[in-house]
Participant: 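Can you read through this structure? Questions will come right after.
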2 protein chains.
Amino acid sequence: MDATFRAISDPSRRAILDLLAEGERSVSDLLGFFTFSQPALSQHLKVLRDAGLVLSKPVGRQRQYALNAEGLRSVADWVRAYERFWTEKLDGLGAVLDREAAKEREIKP
Amino acid sequence: MDATFRAISDPSRRAILDLLAEGERSVSDLLGFFTFSQPALSQHLKVLRDAGLVLSKPVGRQRQYALNAEGLRSVADWVRAYERFWTEKLDGLGAVLDREAAKEREIKP
DNA sequence: TTGACGTATAAGACGTGGCTTATATGGTGG
DNA sequence: CCACCATATAAGCCACGTCTTATACGTCAA
C-alpha cells in the first residue's frame, strides 16, 4: 500500500497509468509522450512494476506494458472512507464519526 | 492536485488524516499517536495545510486541526477512472477503452 | 509579571527521488 | 554475422523530503 501511494505521488507516473488505461503500450511509444530521457522512463516504469501497478512482457525486442488496475484498489478503498464527508454538510467537521474509521491508538511508522 | 498526491504519499500523513476523520484534534493530541518529534509533526501538518487537506485554528494556546475532505476529491476522481477495470474481467487488459479517459498526446512535466 | 505550556520556525544532517550520460544486454533483419 | 534497435541498468549529480535539536513566539495561569 505504501509503495502504491508513493508510486502515484509523481505526476509523470500518474500520466503513464492514464496512458496505459487506454491500452497496452511499448516503452518507446510511452516515451513519445514525455520530454525526459528514456532511462528516466525506465526508472518510472520500474517503480510502477515494483508497486504492482503495471505488468510488462517482452514482444521481440520491444517491451509491452499493461496496466494492473487491481493495484489501485488500496487507494480507492482508502479514499472511500472520506466520501461520506462530501455528501454531508461540512458543518459536521467536528462531529464524532462512524466507528468503522476507528484506528489503533498508537501508530508506529 | 500534485500537492495532494504528494501529501498522501507519506504513511504518517495518511494516518493523521485518518485520525482527523474521527474529529478535530490538537497538535499535542495528534502527537500522542506518533513516535517522531513535535517539530516533525508540525512539518507534516504544514504539508497537509498547504495541500488544503486540513484546516487549523488557534484555541487558546493550543491549535485545533480539522480534516478538509474536499481536498481528497481529486484523488477519488482520479482513481474512479480505474474502477471499471475491477468490475470487468482482466482479459480486457489490452482492450481499447472509453474515450473519456483520453489524454493529450504530449505530456509536459 | 513571570514561568510554564503549546506549537511554529530555523537550521543542520542525511537519505531518497528523479534526472542525466554511459553502457550493457537481448532481439531483429539484411 | 554484424550493425542497428529497444530498453534495462549503472553511476553520478543535486534538489528535495524527513528527521533531529534549538529556539522563537503566542497564550495561560499563578
Side-chain angles (χ1 to χ4, degrees), chain A residues 1-20 23-68 106-109, chain B residues 1-20 23-68 106-109:
Chain A
M1 174 160 165
D2 279 359
T4 301
F5 279 92
R6 283 205 185 280
I8 66 172
S9 66
D10 182 82
S12 297
R13 289 201 286 274
R14 289 200 300 282
I16 291 168
L17 294 178
D18 290 343
L19 289 169
L20 295 181
E24 290 184 8
R25 292 184 186 267
S26 66
V27 177
S28 48
D29 193 359
L30 286 169
L31 193 59
F33 294 95
F34 302 100
T35 54
F36 49 67
S37 66
Q38 177 268 316
L41 177 58
S42 278
Q43 285 179 14
H44 282 308
L45 289 170
K46 183 175 192 304
V47 172
L48 292 171
R49 273 198 321 270
D50 292 348
L53 298 181
V54 296
L55 305 169
S56 73
K57 63 186 175 184
V59 179
R61 60 190 175 187
Q62 296 206 319
R63 198 155 196 97
Q64 286 286 102
Y65 274 79
L67 174 70
N68 175 28
E106 186 79 9
I107 306 281
K108 303 283 188 182
Chain B
M1 177 160 163
D2 280 357
T4 301
F5 279 93
R6 283 206 184 281
I8 65 171
S9 67
D10 183 81
S12 297
R13 288 201 287 274
R14 289 202 297 284
I16 291 169
L17 293 177
D18 291 343
L19 289 169
L20 295 182
E24 290 184 9
R25 292 182 186 268
S26 65
V27 177
S28 47
D29 193 0
L30 287 169
L31 192 59
F33 294 95
F34 303 100
T35 54
F36 49 67
S37 65
Q38 176 268 315
L41 177 57
S42 279
Q43 286 179 13
H44 282 306
L45 290 170
K46 184 176 192 301
V47 172
L48 292 171
R49 272 196 323 269
D50 292 349
L53 298 181
V54 297
L55 305 169
S56 74
K57 63 185 174 184
V59 179
R61 59 192 174 186
Q62 295 203 319
R63 200 155 195 96
Q64 286 286 104
Y65 276 79
L67 175 69
N68 175 29
E106 184 76 9
I107 306 282
K108 303 285 187 185

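Sequence lines set the chain letters: A, B, ... in the order given, protein chains first and strands last, and positions in each chain run from 1. The figures that follow rest on heavy atoms only: side chains count, while hydrogens, waters and symmetry mates do not.
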Participant: I need the full list of salt bridge (Lys or Arg N to Asp or Glu O under 4.0 Å) pairs touching residues 30-46 of chain B, with sequence neighbours left out, sorted by first then second residue.
Facilitator: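 Passing the test, one end in residues 30-46 of chain B: B/K46-B/D50.
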Participant: Applying the side-chain contact (heavy atoms from CB on, under 4.5 Å) criterion to A/N68, which one of A/L55, A/L53, A/L17 satisfies it?
Facilitator: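 Filter result, single survivor: A/L55.
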Participant: Return the value, rounded to whole Å, for the distance between atom CZ of A/F34 and atom P of C/dC19.
Facilitator: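 Going from CZ in A/F34 over to P in C/dC19 covers 10 Å.
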Participant: With sequence neighbours left out, which residue pairs that include part of residues 54-66 of chain B fulfil the salt bridge (Lys or Arg N to Asp or Glu O under 4.0 Å) condition?
Facilitator: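 Non-adjacent pairs meeting salt bridge (Lys or Arg N to Asp or Glu O under 4.0 Å): B/E24-B/K57.
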Participant: Could you run through nucleotides 20-30 of chain D and give me one letter per nucleotide, 5' to 3': B if any protein heavy atom sits under 4.0 Å from the base, S if only the sugar-phosphate is that close, - if neither?
Facilitator: BBB---BBB--
Participant: Could you state the atom-to-atom distance from CZ of A/R6 to P of D/dG17 in whole Å?
Facilitator: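 Taking atom P of D/dG17 as the reference, CZ of A/R6 is at 11 Å.
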Participant: Under 4.0 Å between a side-chain N or O of B/H44 and OP1 or OP2 of D/dC19?
Facilitator: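 Yes, within the criterion.
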Participant: Taking any heavy-atom pair under 4.0 Å as a contact, classify B/S28: base, sugar-phosphate, or nothing.
Facilitator: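 Sugar-phosphate contact only.
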Participant: Short question: side chain of B/R49, backbone of B/V54 - any donor-acceptor pair under 3.5 Å?
Facilitator: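 Here the side-chain-to-backbone pair does not exist.
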Participant: Whole Å only: how far is the CG atom of A/L31 from the P atom of D/dA8?
Facilitator: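 My rounded result for the distance is 11 Å.
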Participant: Does B/R6 offer a backbone N or O that forms a donor-acceptor pair with the side chain of B/S9 under 3.5 Å?
Facilitator: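 Indeed, once roles are kept as given, a pair shorter than 3.5 Å links the two residues.
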Participant: Look at the side chain of A/Y65 and decide which nucleotide, out of C/dT7, D/dT18, D/dA8, has an atom nearest to it.
Facilitator: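 The listed nucleotide nearest to A/Y65's side chain is D/dA8.
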Participant: How about A/F36 and A/H44: are their ring centroids closer than 6.0 Å?
Facilitator: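 Centroid distance A/F36-A/H44: below 6.0 Å, so yes.
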Participant: Write down the distance between CZ (B/R14) and C1' (D/dT18), rounded to a whole number of angstrom.
Facilitator: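 One finds 15 Å between C1' of D/dT18 and CZ of B/R14, rounded.
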Participant: Select from A/R13 and B/R49 the residue whose nearest nucleotide in DNA chain C is closer to the 5' end of that strand.
Facilitator: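 The 5'-side residue here is B/R49.
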Participant: Starting from C1' on D/dT7, measure out to CG on A/L45 and report it in whole angstrom.
Facilitator: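 Rounded to whole Å, this separation is 10 Å.
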Participant: In whole Å, I'd like the distance from the CG atom of B/D10 to the P atom of C/dG15.
Facilitator: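 Distance check: B/D10 CG to C/dG15 P gives 18 Å.
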Participant: Rounding to an integer number of Å, can you tell me how far A/K46 NZ sits from C/dG17 P?
Facilitator: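 Atom-to-atom, A/K46 to C/dG17, this comes out as 11 Å.
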Participant: Does any part of the side chain of A/F5, heavy atoms only, come nearer than 4.5 Å to the side chain of B/R13, both counted from C-beta?
Facilitator: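 When only atoms from C-beta onward are counted, A/F5 and B/R13 do not touch, as no gap falls below 4.5 Å.
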Participant: For A/L48 and C/dG18, give me the distance from atom CG to atom P, rounded to whole Å.
Facilitator: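 Atom-to-atom, A/L48 to C/dG18, this comes out as 10 Å.
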